[in-house]
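All values below were derived from every heavy atom in this structure, side-chain atoms included, with hydrogens, water molecules and symmetry-related copies excluded. Everything quoted here is computed from the prediction, not taken from an experiment.
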Amino acid sequence: MSRHLVRAGATAPDETAPRALLLAQRLRGRIGADKVLTDPAQLRTYECDGLATFRVRPAVVVLAGDRDDVVETVRMCAADGVPFVARGSGTGLSGGAMPVADGVLIVLSRLRRIVSVDPDNARVEAEPGVINLWVTREAAPYGQAYAPDPSSQQVCSIGGNVAENAGGAHCLKYGFTVNHVTGAEVVLPDGEVVHLGGTAPEHPGLDLLGAFVGSEGTLGIATRVTVRTIQAPEAVRTMLVGFRTVADAAGTVSDIIAAGILPAAVEMMDALAIEAAEAAVSCGYPEGAVAVLVIELDGPLAEVEEQFRQVETIADARGAFETRIAKDDTERALMWRGRKSAFAAVGRISPAYYVQDGVIPRTRLPEVLSEIGRLADEADVRVANVFHAGDGNLHPLILFDDTVPGAAEAAEELGFAILDLCVDLGGSITGEHGVGVEKKSRMARQFTSADLDTMQLVRCAFDPAGLANPGKLFPTPRLCGERPGVRTAADTHDPALGEVF
């Protein structure tokens, strides 16, 4: 889809492939032959993450069985100068876990042990391959839950959530992964094991844990993570509201927040997204709705009931034509089913799609959705809008037919135009999917050269050799040996991207 992609089946250059393959031979002797894959047919499984357009076949895949396997692999990579990439469940949507052709892919999905559950201190310690939803499952008997809930929470892993600073529908009220991680055991890019943070909410000194969460695997690999759990709320009320116009739905979101109400979640879907969800899971959303909101309130019962009445009044004032209130957990799950399945559901109405992840000020929602519609019409491309309306995190799903020449490129161009729009309005190029390889060409659109130099200095402090997940995040080569400062066009030209930043 992109002019700077390495296509499926790419192999390492002749002069570098033997180094990774020789390393694989030694790894077999150290950690076990069954954990080291080099067969091309097996390697194809790991060519991409959830953004399948970006594909590279790694030279070696290591199926780590425990922390020692990770440490040994990283140490040997560091000694031989071989790049490595960590991978969890592979559900990421920015190419962050895309392998390096002449490197090692370290798969952490076998590290899936819940190490400890401490309800008295509201803490759970887990290995990186533990699935997000399992943490809530373990905490539930104690009346607790884990708040960050990506749509892929049934399959995404805690390690990947930490790497990407994953969000979710309930992050409007409860915050992102970084707000719930208190400690991490980390294998640094030279193989040293360090502990960042711990069980306490705050720690003295530099916030290295805060720097690590969301660093997309460029500062090291988490092998254990300590997260805080929250007390399950006394009451949860969920409503589904149908609107005749997108502007009325978006205006309702702003009015709710302006009234001083902080819902646990406010999710929005437009007509095309509703059509896809109905085709996939028969969620039964209001017929004729051009947009729907899924609004959830939680907290003390009296507070929730009062706020619920206020939200109904606000929605009615904006022209809501149908409001459904979940009577029990079954109805609540059905309301959420359509929203949670939206990404995969568009496969029912389009041969292929490309999802973006931009952020805008919440008050600009009507304006931005109108402009996305205009851009889509100009490009003759359909866009289904699904997003966390409460915090302005957009997920436009750009639909195209990948058998039509030029269609994928047109979808990518429209996606970048939407990101540029987000930045122009004071937003961001990513809310929860990360930068990875997909959006690194837009980092300089949001950040200054000084900003990027500072980020790179932090990275170099952890990984001076640049072996940990190389080629991600940064829009230019920006090697650790480069002198930070103002760059000319000649300095900042990246032949791999074909652009100047």
Side-chain angles (χ1 to χ4, degrees), residues 6 8-49 55-92 95-113 115 126-130 157-160 163 185-194 217-224 462-472:
V6 181
T11 55
D14 291 342
E15 67 274 15
T16 56
R19 183 173 56 179
L21 294 178
L22 287 173
L23 175 62
Q25 293 176 14
R26 300 204 310 278
L27 276 170
R28 288 189 177 99
R30 295 285 185 88
I31 68 173
D34 59 323
K35 299 177 183 177
V36 182
L37 309 180
T38 55
D39 181 88
Q42 294 176 312
L43 298 177
R44 289 185 67 87
T45 302
Y46 302 96
E47 287 178 336
C48 66
D49 59 12
R55 294 176 180 268
V56 173
R57 185 189 301 165
V60 180
V61 168
V62 170
L63 305 176
D66 53 30
R67 185 196 70 175
D68 291 345
D69 288 347
V70 178
V71 171
E72 190 66 33
T73 301
V74 171
R75 283 178 178 170
M76 294 178 69
C77 284
D80 288 12
V82 174
F84 61 88
V85 176
R87 175 191 170 102
S89 294
T91 60
M98 186 181 76
V100 177
D102 57 345
V104 174
L105 185 71
I106 303 175
V107 179
L108 304 170
S109 57
R110 293 182 176 180
L111 278 69
R112 49 176 55 197
R113 185 166 58 100
V115 179
E127 292 183 329
V130 166
S157 62
I158 289 296
E185 176 187 81
V186 176
V187 179
L188 296 179
D190 63 357
E192 179 184 0
V193 178
V194 299
T218 61
L219 304 185
I221 301 174
T223 49
R224 282 193 185 181
F462 281 78
D463 182 21
L467 297 179
N469 208 10
K472 314 293 170 59

Tell me which donor-acceptor pairs under 3.5 Å the side chains of residues 59-68 have, and how far apart each pair is, sequence neighbours excluded?
| unit_1 | atom_1 | unit_2 | atom_2 | d |
| --- | --- | --- | --- | --- |
| Asp66 | OD1 | Asp68 | N | 3.2 |
| Asp66 | OD1 | Asp69 | N | 2.9 |
| Arg67 | NH1 | Glu185 | OE2 | 3.1 |

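- Considering only heavy atoms from C-beta on, Pro470 comes within 4.5 Å of Val100 through its side chain.
- In this structure, the side chains of Asp463 and Thr218 stay at 4.5 Å or more apart for every pair of heavy atoms.
- When every heavy atom of Ala24 is checked against every heavy atom of Thr38, the shortest pair comes out as CB-CG2, 3.8 Å.
- Closest of all the heavy-atom pairs between Pro189 and Ala468 is CG-CB, 4.0 Å.
- The side chain to side chain contact (heavy atoms under 4.5 Å, CB included) test applied to Arg113 returns Val115, Glu127, Arg224, not counting sequence neighbours.
- Annotation for Leu219 and Leu188: closest pair O-CD2, 3.9 Å, computed over non-hydrogen atoms.
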Does Thr73 form a side-chain contact (heavy atoms from CB on, under 4.5 Å) with Lys35? I'd like the steps, not just the answer. CA-CA 11 Å; Thr73 301; Lys35 299 177 183 177; over 6 Å; no
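- Nearest heavy atoms, Gly88 versus Ser157: CA-OG, 3.7 Å.
- For the residue pair Arg87 and Thr45, the shortest heavy atom distance occurs at NH2-O, 4.3 Å.
- For Arg112 (side chain) and Ala126 (main-chain N/O), no donor-acceptor pair under 3.5 Å exists by modelled atom type.
- Distance check: Leu23 CG to Arg30 CZ gives 9.5 Å after rounding to the nearest 0.5 Å.
- Atom CD1 in Ile221 sits 4.0 Å away from atom CD1 in Ile106 (nearest 0.5 Å).
- The CG atom of Leu27 sits 11.5 Å away from atom CG of Leu37, with the distance rounded to the nearest 0.5 Å.
- Rounding to the nearest 0.5 Å places CG of Leu111 at 13.5 Å from CD1 of Ile158.
- Shortest non-hydrogen contact noted between Pro99 and Pro58 is CB-CB, 3.6 Å.
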Please tabulate, for side-chain N and O atoms in residues 76-84, each donor-acceptor pair with protein atoms closer than 3.5 Å (sequence neighbours left out).
| unit_1 | atom_1 | unit_2 | atom_2 | d |
| --- | --- | --- | --- | --- |
| Asp80 | OD1 | Arg26 | NH2 | 3.2 |
| Asp80 | OD2 | Arg26 | NH1 | 3.3 |
| Asp80 | OD2 | Arg26 | NH2 | 2.5 |

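- Side-chain atoms of Gln25 and Leu22, non-hydrogen and from C-beta on, do get closer than 4.5 Å to each other.
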